[in-house]
Amino acid sequence: MPLDASRNSLVLPILGLLVEQPAHGYDITTRLRERYGHLPVTRSTVTSLLKALEKAGKVSSRQPERIGNRPPRTAYELTAAGLADFRHKIEAGVRESPAASVDFVMAVAYVGVLPKEQAAGILDGRADRLDQELAALSGPPDGDVLEVHMLEVAYWRTIVATEATWIRTLVRRIRSHEIGWPTQQPDTHGSAEA
């Protein structure tokens, strides 16, 4: 785990799950594994991250509750500061993460936390940036390099072009109301302001 727990790749999806509803560490671990099989998730890491996020004022814990014969579990909920940080991470992830990266995938997974037009504008900006990256990749190969020695460039052009096309289609679908958007922005489930 990075020394700065906020840089852990699980922080964004943990905050995202807490936007959906307050939860205890075991529930969060289970939901992360179900949704994001590509991420390495352990209960101890989730617990450590929740404690670090609580210390940083991003989440708050509730009094442990006992359900049935299970041991008492502490549920966590997002604070106002946690929601603001989550939105900032979504904006930055959509805007700045490299093409075809897990960081982009995780950010776009929760883009619905942003107001619709803001999300569409940030996505448009990303597609424009990818178009510029594609233009830079489209130059002729240096000298007499055989195509077989430059296959990775052709591959990367395809990846970048596909992502840009997908994003432009997504923006069109968002703006045409083809994709439903939350009418009410998430709150912090009554948590205290941090």
Side-chain angles (χ1 to χ4, degrees), residues 4-23 28 31-39 41 46 49-50 53 56-60 76-137 156-191 193-194:
D4 178 1
S6 69
R7 294 184 179 276
N8 188 293
S9 62
L10 293 176
V11 168
L12 191 65
I14 287 171
L15 294 175
L17 293 176
L18 291 175
V19 164
E20 295 172 12
Q21 67 187 37
I28 291 170
R31 289 168 52 207
L32 285 170
R33 286 178 180 157
E34 289 171 355
R35 282 195 198 179
Y36 307 112
H38 63 282
L39 294 176
V41 179
V46 170
L49 289 172
L50 286 167
L53 290 167
K58 308 299 181 189
V59 302
S60 62
Y76 293 86
E77 59 191 1
L78 213 54
T79 63
L83 181 59
D85 185 54
F86 180 66
R87 286 182 171 140
H88 174 75
K89 287 179 186 308
I90 296 301
E91 289 178 39
V94 171
R95 183 179 287 121
E96 300 163 10
S97 61
S101 67
V102 172
D103 290 340
F104 173 69
V105 172
M106 296 313 303
V108 81
Y110 293 103
V111 76
V113 75
L114 302 175
K116 183 165 65 170
E117 195 48 46
Q118 179 185 8
I122 292 169
L123 286 161
D124 258 342
R126 179 180 182 84
D128 290 344
R129 180 175 63 82
L130 291 173
D131 286 345
Q132 291 172 359
E133 184 177 334
L134 189 59
L137 289 170
W156 194 243
R157 281 184 195 136
T158 302
I159 295 297
V160 172
T162 300
E163 185 174 315
T165 298
W166 183 83
I167 290 171
R168 293 207 188 286
T169 301
L170 176 61
V171 169
R172 180 192 52 75
R173 293 181 67 216
I174 290 169
R175 288 187 170 141
S176 70
H177 308 289
E178 186 178 331
I179 292 180
W181 210 261
T183 54
Q184 181 178 359
Q185 290 299 304
D187 63 16
T188 56
H189 309 289
S191 4
E193 299 274 330

Sub-4.5 Å side-chain heavy-atom contact between D128 and R168: yes
Here the pair of heavy atoms bringing R31 nearest to A23 is NH1-CB, 3.8 Å
Checklist entry - Under 3.5 Å, is there a donor-acceptor pair between the side chain of R95 and the main chain of G125? => result no
In short, L130 meets V160 closest at the heavy-atom pair O-CG1, 3.4 Å
Under 3.5 Å, which donor-acceptor pairs do the side chains of residues 11-18 form with other protein atoms, sequence neighbours left out?
none

Residues at least two apart in sequence or cross-chain that pass side-chain hydrogen bond (donor to acceptor under 3.5 Å, both in side chains) with W156, listed by chain then number, are E133
dist R172:CZ -> L170:CG (nearest 0.5 Å) comes out at 9.5 Å
What one should report as the nearest heavy-atom pair of P98 and F104 is O-CB, 4.2 Å
Residues passing the salt bridge (Lys or Arg N to Asp or Glu O under 4.0 Å) test with R173, sequence neighbours excluded, are E178
With sequence neighbours left out, the residues meeting side chain to side chain contact (heavy atoms under 4.5 Å, CB included) with V102 are H38, L39, M106
By salt bridge (Lys or Arg N to Asp or Glu O under 4.0 Å), R35 pairs with (sequence neighbours left out) E20
Output for pair (L78 CG, K58 NZ), nearest 0.5 Å, gives 10.0 Å
Sorted by chain and number, sequence neighbours left out, side chain to side chain contact (heavy atoms under 4.5 Å, CB included) with T162 holds for T158
Sorted by chain and residue number, the salt bridge (Lys or Arg N to Asp or Glu O under 4.0 Å) partners of D103 (sequence neighbours excluded) come out as none
d(L49 CG, L10 CG) to nearest 0.5 Å is 6.0 Å
In this structure, CZ of R157 is separated from CD1 of I159 (nearest 0.5 Å) by 13.0 Å
When rounded to the nearest 0.5 Å, the distance separating CD of Q21 from CD of E77 is 12.0 Å
Rounding to 0.5 Å, atoms CG (L53) and OG1 (T79) come to a distance of 9.0 Å
Residue set satisfying side chain to side chain contact (heavy atoms under 4.5 Å, CB included) with A84, at least two apart, ordered chain then number -> none
In a table with atom names and distances, give each donor-acceptor pair under 3.5 Å that connects a side chain of residues 107-122 to protein atoms at least two apart or in another chain.
| from | atom 1 | to | atom 2 | distance (Å) |
| --- | --- | --- | --- | --- |
| Y110 | OH | Y36 | OH | 2.8 |
| K116 | NZ | H177 | ND1 | 2.5 |
| E117 | OE1 | R175 | NE | 3.4 |
| E117 | OE2 | R175 | NE | 3.1 |
| E117 | OE2 | R175 | NH2 | 2.7 |
| Q118 | NE2 | E91 | OE2 | 3.0 |

